[in-house]
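Throughout, a chain's letter reflects where its sequence line sits, starting with A, and its residues are numbered from 1.
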Amino acid sequence: MLIRRSRPNLMASFMRFLLARSVLASWGRQVFWQLPEPLRYMLRSCVSSRPSPPRRLASPSDLSPRAREIYARLHVSLEGTKKEEV
Amino acid sequence: MRIVIDMQGAQSGSRTRGIGRYSLSLAQAIARNHEGHEVVLALNGLFAETIEPLRQAFSGLLPQENIQVWEAPGPVRASDSYNQRRRRRAEVVREAFLASLSPDIVHITSLFEGFGDDAVTSIRTFSKAVPTSLTLFDLIPLHDPDRFLAPHPFMKSWYLEKLEQLKQADLLLAISDYSVRDAKKRLGAKIQRIVNISTACSEIFVPKQLSEVERHGLLSRLGISGPFVMTSGTIEPHKNLERLFKAFACLPAKLRSERRLVLIGKTEPSQRPILQAMRRRAGLSVKDLVVTGHVSDDDLVALYNSCELMVFPSLDEGFGLPALEAMACGAPTIGSRAASIPEVIGCDDAMFDPLDADDMTRVMTRAIMDENYRAELKALALERAPEFSWDKTARCALGEMEALIRERSNYGTEGYDIVSSCIEHLAGGELEQGEALQLAQSLARTFPARDHKRQLLIDVSELCRRDARTGCQRVTRSILLQWLKNSPGDIQIEPVYATLHEQGYRYARRFATGLSGRPSAGADDPIDYASGDIFFGLDYHADTAPTQMSSLMDMRLHGVSVHFLVYDILPVTKPSYFPLGTDSAFSRWLEAVGHFDGIIGISKTTTEAVQAWYADSEFSLSPDYRFSWVHLGADIENSAPTFGLPSDADELFFQLRQRPTFLMVGTIEPRKGYAQALAAFDVLWTEKTDCNLIIVGKEGWGTKKLVAKLRLHPEHNNRFFWLEGASDEYLNKIYASASCLLAASEAEGFGLPLIEAARQKVPILARDISVFREVAGVHAGYFSGSKPIDLAESIKKWLALYRENRHPKSDGLPWTTWEQSAKQMWAELLSRGRTSWRSHERSGANKVVLHR
């Protein structure tokens with residue numbers, strides 16, 4: 001019983017943690033960019049300039065216009081394959 | 001004839017081996033001997049790290065736009081069956097790319113690539129009719145398939161598939177007569193046309209007189225003592241090293257004890273125990289055999305020039321390049337009477353039976369003991385080596401290609417759009433969404449849109465996020481505005497930006513709409529780019545370039561030239577003027593910028609300071625790195641100015657008219673000289689010198705005490721004024737009311753206030769620093785000294801001259817407008833950009849018949 005009751009609580013806590021983390025990160029970014037440049041230098045120099053992570057290709061909106069146009073032409077077959085599988 | 005050379009032989013894992021050297025040297029020789037033919041290199045973008053070195057290797061031989069890059073999603077190595085579908089797609093992309101370059105012939109530098117890395121080679125799996133030639137090195141794996149092909153489950157099928165593709169080639173350019181004979185024997189009538197174009201060694205292999213110090217340094221570094229016999233090779237059985245070890249062990253005891261056997265060649269750590277076991281079996285002690293591993297080219301030349309004898313005992317070779325390299329250095333060389341080696345050595349007396357260790361011992365002993373014989377071998381080497389030359393090999397290859405094209409003229413039919421066919425072909429296969437997205441991105445980079453207009457991509461990452469109205473941002477705004485207003489029709493001006501939380505740039509179209517007031521040209525999409533585009537880091541932001549290195553490198557490898565504007569490098573030359581950590585952030589930025597194509601400084605002084613910084617930090621810039629400088633504009637009204645005057649403006653102007661007014665413009669920062677200036681005016685006011693001081697500039701950093709002093713100064717709003725938020729319109733009017741611009745800054749990148757003042761004919765009193773001398777020349781008065789009294793005295797002298805109208809006038813100071821400045825910058829960038837490949841497209845070029 002204990003386990004069954006605690007599972008949803010754990011999940012909810014975890015979801016709240018994720019939400020809070022994302023909100024804080026977003027807020028932090030906004031605040032960071034409002035700081036005067038010298039202060040940003042100081043903060044950035046505390047952590048070395050690490051390369052930005054690669055752009056995630058999750059949907060066509062992550063593509064450039066030319067790539068999106070090509071994707072649309074590739075996608076015709078993708079849709080076709082899915083329908084056949086269904 | 002347009003010859004497209006697939007350079008993967010010089011990009012793949014083979015690039016450090018003989019195949020890589022051969023591929024690069026042959027392509028360079030073809031480029032050198034092209035005789036009216038057009039040479040285009042095709043590079044695989046999956047070997048990104050090899051692209052810049054290859055571009056450098058062809059600098060001066062080929063225009064950069066003749067080096068084209070294609071890419072497909074990886075990994076694609078054939079040894080992993082999971083890659084199979086990706087590999088097949090990559091083959092289609094590569095063949096379509098090669099066909100899209102409208103070649104008369106495609107030459108493949110090495111077909112047997114891509115088993116253990118991301119090389120992709122195929123012939124006619126997609127494009128059916130492009131005449132194709134390839135370099136045939138050897139078919140050694142067929143000589144002993146159990147050993148070479150059996151160990152890996154996929155190796156055999158992969159090799160056999162490559163053999164089938166080899167039979168599709170229209171022309172095989174073999175590296176020796178032996179390779180020709182061997183291919184004919186094993187593949188018979190299935191090959192279409194085969195010819196020996198021979199080979200050569202690099203021009204670095206020449207006889208060289210080493211000083212005793214050089215020789216001793218080299219040998220002690222590599223652990224070699226005394227005279228030595230040299231060989232090169234790997235532990236592969238056909239290199240016949242074990243028999244050489246035995247032959248060396250059988251040398252007369254005195255000869256053997258006095259000399260070492262030195263083995264040169266890449267040895268994996270896992271191969272060392274095998275090599276040591278071979279040594280033990282042969283009866284050699286640890287000190288008898290020196291294994292150097294891979295050595296640099298310089299060391300290799302020195303070793304060939306230092307050895308007593310070079311022995312090449314191989315049982316099977318496509319050519320035997322090490323023997324030729326040694327001979328070119330004048331080393332006495334003996335080798336096996338097998339495979340292609342007699343073609344190289346060319347003298348039966350210098351050869352032995354490679355299966356007979358005693359014979360090997362006999363010839364080695366003779367070469368060591370018999371001075372005359374060794375002299376003959378040396379003379380033979382120096383006489384024989386020049387018969388092999390890359391130019392000769394390249395001319396032979398070109399002749400064979402020309403003959404093939406004459407026979408196959410008009411090989412295709414017109415009407416196919418190769419890129420559309422490629423996309424249709426790929427769309428026909430199984431494709432998951434993630435794969436389709438990756439593939440679409442690669443295809444977009446490989447095949448830019450037919451109507452892709454050349455772009456000038458202008459980085460405004462900082463300005464489009466926030467306009468802090470700093471000097472850098474005024475420049476960014478002004479130049480960008482001019483380019484948006486006056487761009488020539490054949491180039492698309494595109495402001496772009498990047499963020500720190502993802503790689504890649506986006507079009508800053510919302511920002512551009514806001515700045516220019518023109519209707520929106522679209523959304524802030526990720527950018528497209530193509531060969532011939534130019535990226536210009538106009539806006540300064542310390543972190544953007546270092547964190548976007550990967551995407552900037554990607555652009556560059558696809559033929560986009562990448563340049564940056566440098567405002568100053570004061571954070572590294574005068575770090576004490578800036579907040580803690582600024583210098584390290586700025587150094588990182590300079591290092592990042594140094595990896596690309598060049599900089600434009602805003603003054604000659606700044607540009608020279610950047611050059612000096614790179615020289616001092618021993619940063620390795622590309623030999624083609626460009627430095628130049630362009631002065632900035634003086635017309636504030638053309639820099640997207642801010643407007644508005646406060647209600648008490650007239651009162652201020654009244655005050656300014658009462659006595660001579662000295663104006664200082666700039667952020668309140670330690671380097672700007674405000675503290676010295678204020679103290680100097682305190683001296684003047686105490687001495688009853690009647691004059692005004694007005695400062696226009698926001699509070700910056702590191703000046704808390706000074707700012708408090710400014711706010712509470714007894715002359716505040718009497719003879720001293722500080723305007724923290726003046727609009728550009730207000731500033732313009734203040735310039736007009738000032739008697740003198742006081743430029744007291746101790747260090748600057750340019751000195752914009754000087755030309756802004758000169759434009760309104762306001763006289764200038766400036767600190768004597770090189771950049772102010774560069775900008776104002778004889779049209780300003782100068783002061784030096786860091787004490788308040790130094791400046792006070794200079795101001796008094798200046799005022800005395802002013803009263804007599806003998807002060808230095810700024811009327812003749814040459815200043816540029818933002819329009820002129822933007823035009824100069826534009827011309828400089830265009831002179832640096834690579835020509836777009838599309839301008840090389842041939843009308844009526846051969847179109848390709850596609851495999852359906």
(request) Write down the atom of A:Leu63, the atom of B:Ala440, and the distance for their closest heavy-atom approach. (result) CD1-CB, 4.2 Å

(request) Could you tell me whether B:Lys574 atom NZ has more than 12 heavy atoms of other residues or ligands within 6.0 Å of it? (result) no

(message) To the closest 0.5 Å, what do you measure between CG (B:Leu439) and CG (A:Leu57)?
(response) 11.5 Å

(request) Assess whether atom CZ of B:Arg509 is packed by more than 12 heavy atoms of other residues, nucleotides or ligands within 6.0 Å. (result) yes

(message) Is any side-chain heavy atom of A:Asp62 closer than 4.5 Å to one of B:Leu437?
(response) no

(request) Tell me, for B:Ser420 versus chain A, whether the close heavy atoms (under 4.5 Å) come from the side chain, the backbone, both or neither. (result) both

(request) Measure the spacing between CD1 of A:Ile70 and CG of B:Leu443 and express it to the nearest 0.5 Å. (result) 5.0 Å

(request) Sort B:Gln438 into side chain, backbone, both or neither according to what part of it lies under 4.5 angstrom from a heavy atom of chain A. (result) both

(message) Please give me the minimum heavy-atom distance between B:Pro526 and A:Pro65, naming the atom from each residue.
(response) O-CD, 3.3 Å

(request) Looking only at non-hydrogen atoms, find the nearest pair between B:Leu426 and A:Leu74 and report the distance. (result) CB-CD2, 4.0 Å

(request) State whether the side chain of A:Arg66 and the backbone N or O of B:Tyr529 hold a donor-acceptor pair below 3.5 Å, judged by distance alone. (result) no

(request) Would you check if there is a donor-acceptor pair between the side chains of B:Arg445 and A:Ser64 at a distance under 3.5 Å? (result) no

(request) Could you check if a side-chain atom of A:Tyr71 sits within less than 4.5 angstrom of a side-chain atom of B:Gln441, using non-hydrogen atoms only? (result) no

